[in-house]
Amino acid sequence: QVQLVESGGGLVQPGGSLRLSCATSGDIMEYYTIGWFRQAPGKGREGVSCIQRASRHTNYADSVRGRFTISRDNGQEMVYLQMNNLKPDDTAVYYCAARFGDYCSSGVSLRGYNYWGQGTQVTVSS
């Protein structure tokens, strides 16, 4: 059974930091690329970052590059998104998702991701 469960969201002031966690199960870490996506109110879902399984190759959306860092702990079956210098425009529901194989493209396309978590709310506001 493939499952992904996000946690770590919350309310933070501009300039603050949060670390999101994605707990996985069902051999996801062995076979799947993991991505983080977000959806702001009234907007479509967009890619934030992704990390391949074996090579650990990563990519980031231009809007978060230099501020966000994705990592994975295969032994603990966890994927993390460290978010620093948060801005109000980062406010959204954040999702982790999985796609089979190694595919982490520039631009962090949603294509191919067929397992999704339930999402965690991140609100950046003073």
Side-chain angles (χ1 to χ4, degrees):
Q1 181 91 15
V2 173
Q3 287 187 321
L4 303 103
V5 180
E6 304 93 336
S7 62
L11 173 64
V12 64
Q13 292 186 342
S17 298
L18 283 175
R19 189 177 80 154
L20 303 184
S21 300
C22 176
T24 75
S25 62
D27 293 330
I28 283 181
M29 301 302 279
E30 184 173 359
Y31 297 111
Y32 290 78
T33 290
I34 305 297
W36 281 98
F37 301 86
R38 67 187 182 185
Q39 187 164 16
K43 296 186 178 181
R45 194 167 296 186
E46 64 174 356
V48 174
S49 183
C50 54
I51 184 167
Q52 292 183 177
R53 53 193 180 110
S55 70
R56 307 291 180 99
H57 170 71
T58 61
N59 254 310
Y60 297 90
D62 289 343
S63 59
V64 307
R65 186 173 290 112
R67 301 187 296 123
F68 291 10
T69 303
I70 191 171
S71 61
R72 62 193 289 162
D73 183 335
N74 286 355
Q76 295 296 317
E77 298 184 299
M78 297 290 293
V79 179
Y80 303 100
L81 185 69
Q82 178 67 43
M83 306 187 296
N84 298 329
N85 191 21
L86 283 160
K87 304 176 181 179
D89 284 349
D90 295 317
T91 295
V93 177
Y94 284 71
Y95 301 89
C96 63
R99 64 166 291 161
F100 187 80
D102 280 329
Y103 189 81
C104 178
S105 65
S106 61
V108 195
S109 169
L110 276 76
R111 187 173 55 203
Y113 286 88
N114 52 356
Y115 295 104
W116 291 81
Q118 83 289 348
T120 186
Q121 176 71 47
V122 172
T123 302
V124 184
S125 175
S126 56

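No hydrogens, no waters, no symmetry mates; every other heavy atom, side chains included, goes into these values.
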> OG of Ser126 to CG of Leu11: how many Å apart, nearest 0.5 Å?
Replying inline: 9.5 Å
>> To the closest 0.5 Å, what do you measure between CG (Leu18) and CG (Asp90)?
In response: 10.0 Å
>> Determine whether Val79 and Met29 satisfy the following criterion, side chain to side chain contact (heavy atoms under 4.5 Å, CB included), listing intermediate values before the conclusion.
In response: CA-CA 9 Å; Val79 179; Met29 301 302 279; 3.9 Å; yes
>> Quick check for you: to the nearest 0.5 Å, what is the distance between Arg19 atom CZ and Met83 atom CE?
In response: 11.5 Å
> Going hydrophobic residue to hydrophobic residue with side-chain gaps under 4.5 angstrom, can you get from Leu81 over to Val64?
Replying inline: yes
> Of all heavy-atom pairs between Ile28 and Gln3, which one has the smallest distance, and what is that distance?
Replying inline: CD1-O, 3.6 Å
> How many angstroms lie between CG in Asp102 and CD1 in Ile51, if you round to the nearest 0.5 Å?
Replying inline: 10.5 Å
>> Using a 3.5 Å distance criterion without hydrogens, assess whether the side chain of Glu6 forms a donor-acceptor pair with backbone atoms of Gln118.
In response: yes
>> If hydrophobic clusters are built from ILVMFWY residues whose side chains come within less than 4.5 Å, do Val12 and Val48 share one?
In response: yes
> Stepwise, does the side chain to side chain contact (heavy atoms under 4.5 Å, CB included) test hold for Glu30 with Arg53?
Replying inline: CA-CA 7 Å; Glu30 184 173 359; Arg53 53 193 180 110; 5.6 Å; no
>> Rounded to the nearest 0.5 Å, what separates atom OG in Ser63 from atom CZ in Arg38?
In response: 4.5 Å
> Closest approach of Gly47 and Phe37, non-hydrogen atoms and distance?
Replying inline: CA-CD2, 3.3 Å
> Between Ile70 and Tyr60, which heavy-atom pair has the shortest distance, and what is it?
Replying inline: N-OH, 2.9 Å
> Cluster question for you: counting only ILVMFWY and a side-chain heavy-atom cut-off of under 4.5 Å, with indirect links fine, are Ile34 and Val2 together?
Replying inline: yes
>> Is it the case that the side chain of Asn59 and the backbone of Cys104 share a donor-acceptor pair, with hydrogens and angles ignored and the cut-off at 3.5 Å?
In response: yes
> Which heavy-atom pair separates Ala40 from Thr91 by the least distance, and what is that distance?
Replying inline: CB-O, 3.6 Å
> Looking at Val122 and Leu20, what are the two nearest heavy atoms and their distance?
Replying inline: CG2-CD2, 4.0 Å
> Which pair of non-hydrogen atoms, one from Cys22 and one from Trp36, has the smallest distance, and what is that distance?
Replying inline: CB-CZ2, 3.6 Å
>> Under a 3.5 Å distance rule, please check whether Thr58 uses its side chain to pair with a backbone N or O of Cys50 as donor and acceptor.
In response: no
>> Just to verify, which of Tyr31, Tyr115, Tyr113 counts as forming a side chain to side chain contact (heavy atoms under 4.5 Å, CB included) with Phe100?
In response: Tyr31
> Does Leu110 belong to the same Ile/Leu/Val/Met/Phe/Trp/Tyr cluster as Tyr94, with side-chain heavy atoms less than 4.5 Å apart forming each link?
Replying inline: no
> When rounded to the nearest 0.5 angstrom, what is the spacing between CD in Gln13 and CG in Leu86?
Replying inline: 11.5 Å
>> The test is side chain to side chain contact (heavy atoms under 4.5 Å, CB included); show your working for Thr24 and Tyr32 and say whether it passes.
In response: CA-CA 11 Å; Thr24 75; Tyr32 290 78; over 6 Å; no
> Can you list every side-chain hydrogen bond (donor to acceptor under 3.5 Å, both in side chains) pair that touches residues 74-87, not counting sequence neighbours?
Replying inline: Ser17-Asn84, Arg72-Asn74, Gln82-Asn84
